[in-house]
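Just follow the structure's listing: the first ligand is 1, and inside any ligand the first atom is 1. What you see is a predicted model; the values in this text were computed from it and never measured.
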Amino acid sequence: MNAPVPYLSGLRLSGRRVVVVGAGRVAERRLYRLLEAGATIEVIAPDATAPIQRLDAAGRLTWTRRSYLPDDLADAWYVLVATRDSACNEQVSAEAERQQIFCVRADDRDEATAWTPASAEVDGVQVGVLAGGDHHRSRRIRDTLVQLLIKIIGSERRDRAA
Ligand SMILES: C[C@@]1(CC(=O)O)c2cc3[nH]c(cc4nc(cc5[nH]c(cc(n2)[C@H]1CCC(=O)O)[C@@](C)(CC(=O)O)[C@@H]5CCC(=O)O)C(CC(=O)O)=C4CCC(=O)O)c(CCC(=O)O)c3CC(=O)O
Ligand SMILES: NC(=O)C1=CN([C@@H]2O[C@H](COP(=O)(O)OP(=O)(O)OC[C@H]3O[C@@H](n4cnc5c(N)ncnc54)[C@H](O)[C@@H]3O)[C@@H](O)[C@H]2O)C=CC1
């Protein structure tokens, strides 16, 4: 049998608690989509990028300024861990597994229970691309799909106007 593939889903996270451990470049990139989804986000990290600090100051998320502690995942629906401390990444993903919460682990695709697709939105239509962990390929294909979507949506509009 072929290796299992991830099950693509559209998580509706509005008002639901999402815990992000780590507040560096990778966490920041992923936060914007979580904010668009309306998630209630707690970011846990001793240091955060300036944009994450601004989101905290603006009340768009809560930044807890310390290292991860074992109780931090309580009541979360979704977890994302992206620190450079592999012991911490391991601890978070093990705890998420115990609590049956899907967890993106940025440093080890095989240990992750969820993967982040390369995604985009054009006029209310979303695309998400996974390429078996080959993020260069998923990004490239996403960019091509966006160009195609712009054309499709343009022709839908022309059809409606005709
Ligand atoms: C499995 C997955 C799980 C997950 O993390 O969700 C995963 C895993 C890993 N990525 C690594 C590295 C990098 N990934 C990127 C970029 C992206 N990575 C994304 C998704 C995914 N990455 C999931 C697979 C999805 C799929 O099937 O395609 C994208 C699509 C979405 C997003 O991140 O938003 C986004 C591009 C889209 C965009 O640009 O929009 C960059 C470039 C950069 O950061 O600038 C680098 C830097 C190095 C380089 O360039 O190669 C490492 C090694 C880490 C280490 O060395 O420790 C691992 C760990 C491993 O593979 O085991
Ligand atoms: N999956 C992906 O797409 C990618 C994954 N990576 C990997 O993701 C990880 C993070 O990379 P960057 O964001 O570039 O790192 P970074 O150094 O910019 O940020 C790391 C963050 O983790 C926090 N941190 C460190 N120890 C912590 C702890 N014990 N508890 C809570 N927070 C803690 C730091 O305060 C900081 O906010 C690395 O392992 C890197 O190799 C890197 C690029 C892309």
Side-chain angles (χ1 to χ4, degrees), residues 2-11 13 17-39 41-58 60-99 101-122 125-150:
N2 294 330
V5 292
Y7 176 76
L8 277 176
S9 182
L11 298 185
L13 293 172
R17 173 169 158 80
V18 171
V19 175
V20 176
V21 182
R25 199 179 57 89
V26 175
E28 181 190 311
R29 176 169 74 220
R30 291 165 177 194
L31 274 171
Y32 296 111
R33 299 257 177 234
L34 291 169
L35 285 167
E36 281 168 16
I41 304 168
E42 182 178 14
V43 175
I44 297 161
D47 303 297
T49 63
I52 294 178
Q53 293 187 31
R54 285 195 290 273
L55 289 168
D56 173 56
R60 309 266 322 269
L61 52 76
T62 303
W63 171 33
T64 301
R65 289 155 219 227
R66 58 160 170 76
S67 294
Y68 166 76
L69 293 174
D71 286 341
D72 285 338
L73 307 190
D75 301 325
W77 288 71
Y78 195 70
V79 171
L80 204 152
V81 59
T83 81
R84 283 182 192 275
D85 173 354
S86 59
C88 171
N89 297 345
E90 158 62 27
Q91 221 189 331
V92 172
S93 71
E95 184 56 29
E97 178 84 29
R98 258 192 300 281
Q99 296 194 36
I101 308 166
F102 283 104
C103 177
V104 174
R105 180 173 169 178
D107 66 336
D108 187 342
R109 72 176 93 162
D110 297 321
E111 292 300 319
T113 49
W115 289 355
T116 313
S119 60
E121 193 251 295
V122 181
V125 177
Q126 287 175 283
V127 289
V129 181
L130 291 175
D134 180 349
H135 59 87
H136 296 293
R137 188 173 182 212
S138 55
R139 169 191 276 175
R140 218 172 34 243
I141 291 174
R142 184 268 322 272
D143 291 346
T144 305
L145 286 176
V146 166
Q147 297 312 313
L148 194 61
L149 250 183
I150 290 169

- Query: Which option out of His136, Arg142, Arg140, Glu111 puts a heavy atom nearest to atom 50 (O) of ligand 1?
  - Reply: His136
- Message: I need the minimum non-hydrogen distance between Val79 and Leu73, along with the two atoms involved.
- Response: CG2-CD2, 3.9 Å
- Note on the structure: Note: Arg139, heavy atoms under 4.0 Å from ligand 1, region reported as side chain
- Between Val20, Asp47, Ile52, flag the one that comes closest to atom 36 (C) of ligand 2 by a heavy atom. Asp47
- Query: For Gly132, is the nearest heavy atom under 4.0 Å from an atom of ligand 1?
  - Reply: yes
- Message: Counting only heavy atoms, tell me which of Ala118, Ala106, Ala87 gets closest to atom 1 (N) of ligand 2.
- Response: Ala106
- Item | atom 23 (C) of ligand 1 - nearest protein heavy atom and its distance | Thr116 O, 3.8 Å
- Give a yes or no on whether atom 26 (C) of ligand 1 lies under 4.0 Å from any heavy atom of the protein. yes
- Please state which protein non-hydrogen atom is closest to atom 13 (C) of ligand 1 and give its distance, to 0.1 Å? His135 NE2, 3.2 Å
- Task: For Ala106, take its heavy atoms, then give the atoms of ligand 1 lying under 4.0 Å from any of them.
- Result: 5 (O), 9 (C), 52 (C), 54 (C), 58 (C), 59 (C)
- Just checking, any donor-acceptor pair under 3.5 angstrom between side chains of Glu28 and Thr49? yes
- Under 4.0 Å from one or more heavy atoms of Val104, ligand 1 contributes atoms 4 (C), 5 (O), 6 (O)
- List every atom of ligand 1 that sits less than 4.0 Å from any heavy atom of Ala131, numbering the atoms from 1 in the order shown and giving each element. 26 (C), 27 (O), 28 (O)
- Message: Tell me if a side-chain donor or acceptor on Asn89 pairs with a main-chain N or O of Asp107 at a distance below 3.5 Å.
- Response: no
- Is it true that the side chains of Gln99 and Glu95 contain a donor and an acceptor less than 3.5 Å apart? yes
- Looking only at heavy atoms of Arg30, does any of them come nearer than 4.0 Å to an atom of ligand 2? yes
- Message: For the residue pair Glu42 / Thr64, report whether a side-chain donor-acceptor contact shorter than 3.5 Å exists.
- Response: yes
- Message: Under a 4.0 angstrom heavy-atom cut-off, which atoms of ligand 1 come close to Ser138?
- Response: 26 (C), 28 (O), 30 (C)
- Message: Treating Asp72 as the side-chain partner and Leu69 as the backbone partner, does any N or O pair qualify as donor plus acceptor under 3.5 Å?
- Response: yes
- Query: What atoms of ligand 1 come within less than 4.0 Å of a heavy atom belonging to Pro117?
  - Reply: 31 (C)
- Query: Which of the numbered atoms in ligand 1 are below 4.0 angstrom from a heavy atom of Arg25?
  - Reply: 43 (C), 44 (O), 45 (O)
